[in-house]
Amino acid sequence: MISGNLSVLHISTADNRGGAARVAYRIHTGLRSAGVQSRMLVTSKITSDPDVDYISKGTLKLADRVCGRILNHFSLPNVFYPSSYTLLRHPWFKDADIIHMYNIHGSYFSYTTLPLVNRRKPVVWTLLDMWLMTGHCSYSFECEKWKNGCDKCPSIEEYPPLKKDRNLFLWRLKRRISGKMKNMTVIAPSRWLKQVTEESPVLNSHPVHQIPNGIDITTFRQYEMLEARQSFGIDKNALVVLFVAEHIDKEERKGGKYLVDALSMLDDTIRKRLVLLMIGEHSSDKNASLPCETVRVGYIHEDEAMARLYSASDIMVLPTLSDNLPNTIMESMACGTPVAAFNAGGVSDIITHMNNGYLANLKDTLDLSDGIKLLLSDAKLLSQMSKNSRETIEQKFSISSEVKQIM
């Protein structure tokens, strides 16, 4: 165990908004609770936490924006932001024993600064997607060009998008920068991402540890279903399927299309009682054609409100096409709500098929629909899966377990 004299500085896009930022903030607060001096520098501050500050302010932030627009125009994102170089003079940086990095592809941090950072401080990097080892994309799906240079990218529009194909240059730049970092340790939350990291020419020279993300199992717990439904105006007799994403029809990776098709395949006896509960910033958009009644609640800021929405649902469906270790699956299961999902990325680290959820074959809409039907039709099975879901999270995915392994 590490003494309370240790000081850690986390670099993250935000402190508590979005999956990646929530992972970072949970680690920050978990370390602080364990006696570590933990601080964060972010570009978007959501909380009132005094140990979180902006990485750039005022004129410096304006300079970052100008540089960002110019570099994005030339398809050279995240290559130069002035504030990243002034970071070395920040008092929190000077005090830190370790720099803990997370996602830096949010147009706020220059990865070209990293060798300078690493000369002064050891770096621990928790990977939350594939961006660090590709030319530009956060998930490569079936493409394996990241293994040899990302030349002639087939999908420059993938997030974060490029206007022109600079992937080979950007991939080589990342490999060169990574090669200059002599004191860096990588954390991969899922078995899938650990394997990808070990195969990456950009990162395979650094030690890699698999440490699963953790959640607060006291906040994410099972609330009484009828009470939870009443608070959100949901029929107590409905069959409620939860879907969490910014868009149901525009975020291809989250698989909204497959969800809609799978729900459309359900028997009328189920569909007439079915309610699709949608959470996400743009979930209130009503352009998508949906096969059942919907309840749209928009973006939810409070974890307790999220826990109540999970508890109000019979199941959650997340047909993601590629993912690391989704927070929403762990949160849902912690609230006793089993999940039906595609077997993609790190999802199988959390869901054990027919034990605590349903794993459908990737992009197999019929299989997904069969899983949804099975869970909604068998109350005894669903009850046992609910119990197993909670036990899985308690045993393997608590924030206390994650922090202990990180320390």
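Predicted model only: the values in this text are computed from it and were never measured.
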Tell me the side chain to side chain donor-acceptor pair (under 3.5 Å) pairs involving [range], sequence neighbours left out?
{"range": "residues 96-106", "result": "H10-Y102, H100-Y102, H100-T126, H105-D129"}
{"range": "residues 303-319", "result": "R22-D303, R229-D314, E304-R308, Y310-E331"}
{"range": "residues 152-165", "result": "D165-N167"}
{"range": "residues 334-352", "result": "R191-D349"}

Determine which pairs satisfy ring-ring contact (aromatic ring centres under 6.0 Å, His included) with at least one residue from [range], sequence neighbours left out, and list them in order.
{"range": "residues 251-280", "result": "Y258-F342"}
{"range": "residues 178-209", "result": "none"}
{"range": "residues 356-379", "result": "H353-Y358"}

*Name all residues meeting the salt bridge (Lys or Arg N to Asp or Glu O under 4.0 Å) criterion together with D364; count only those two or more places apart in sequence or in a different chain, and write none if there are none.*
none
Whether the side chain of [X] engages the backbone of [Y] through a donor-acceptor N/O pair (distance < 3.5 Å, no angle test) should be reported.
{"X": "T392", "Y": "N388", "result": "yes"}
{"X": "N118", "Y": "N183", "result": "yes"}
{"X": "K182", "Y": "G179", "result": "yes"}
{"X": "E402", "Y": "G214", "result": "yes"}

What closest approach, in Å, do [X] and [Y] show between heavy atoms, and which atom pair accounts for it?
{"X": "L168", "Y": "G149", "answer": "CD1-O, 3.2 Å"}
{"X": "L368", "Y": "A341", "answer": "CD1-N, 4.4 Å"}
{"X": "C292", "Y": "R271", "answer": "CB-O, 4.5 Å"}
{"X": "L6", "Y": "V36", "answer": "O-CG1, 3.5 Å"}
{"X": "L31", "Y": "M407", "answer": "CD2-CG, 3.5 Å"}
{"X": "L114", "Y": "W125", "answer": "CD1-CZ3, 3.3 Å"}

*State which residues pass side-chain hydrogen bond (donor to acceptor under 3.5 Å, both in side chains) with D15; sequence neighbours excluded, sorted by chain then number.*
T47
_If the condition is side-chain hydrogen bond (donor to acceptor under 3.5 Å, both in side chains), which residues does T219 pass it with, not counting sequence neighbours?_
D216
*Any chance the rings of W131 and Y111 have centres within less than 6.0 Å?*
yes
*Would you call E198 and K147 a salt bridge, using N to O less than 4.0 angstrom?*
no
Let me confirm one number: the [atom1]-[atom2] distance from [X] to [Y], rounded to the nearest 0.5 Å.
{"X": "Q210", "Y": "T197", "atom1": "CD", "atom2": "OG1", "value": "10.5 Å"}
{"X": "L203", "Y": "L127", "atom1": "CG", "atom2": "CG", "value": "6.0 Å"}
{"X": "D53", "Y": "H90", "atom1": "CG", "atom2": "NE2", "value": "5.0 Å"}

_As a test of understanding, state which of V339, L259, L242, V244 forms a side-chain contact (heavy atoms from CB on, under 4.5 Å) with V317._
L259
_My understanding is that only residues two or more places apart in sequence, or in another chain, count here; which of them pass ring-ring contact (aromatic ring centres under 6.0 Å, His included) with F232?_
none
Throw together a table of side-chain donor-acceptor distances under 3.5 angstrom for residues 262-269, partners on residues two or more places apart or in other chains.
from : atom 1 : to   : atom 2 : distance (Å)
S264 : OG     : V260 : O      : 2.8
D267 : OD2    : K373 : NZ     : 2.9

*Please say whether more than 12 non-hydrogen atoms of neighbouring residues, nucleotides or ligands are located less than 6.0 Å from CD in Q230.*
no
_So for atom CZ, which belongs to R253, do other residues, nucleotides or ligands contribute more than 12 heavy atoms lying within a distance under 6.0 Å?_
yes
*Mark yes or no: R17 above the aromatic ring of Y299, with NZ or CZ under 6.0 Å from the six-membered ring centre and no more than 45 degrees from the axis.*
yes
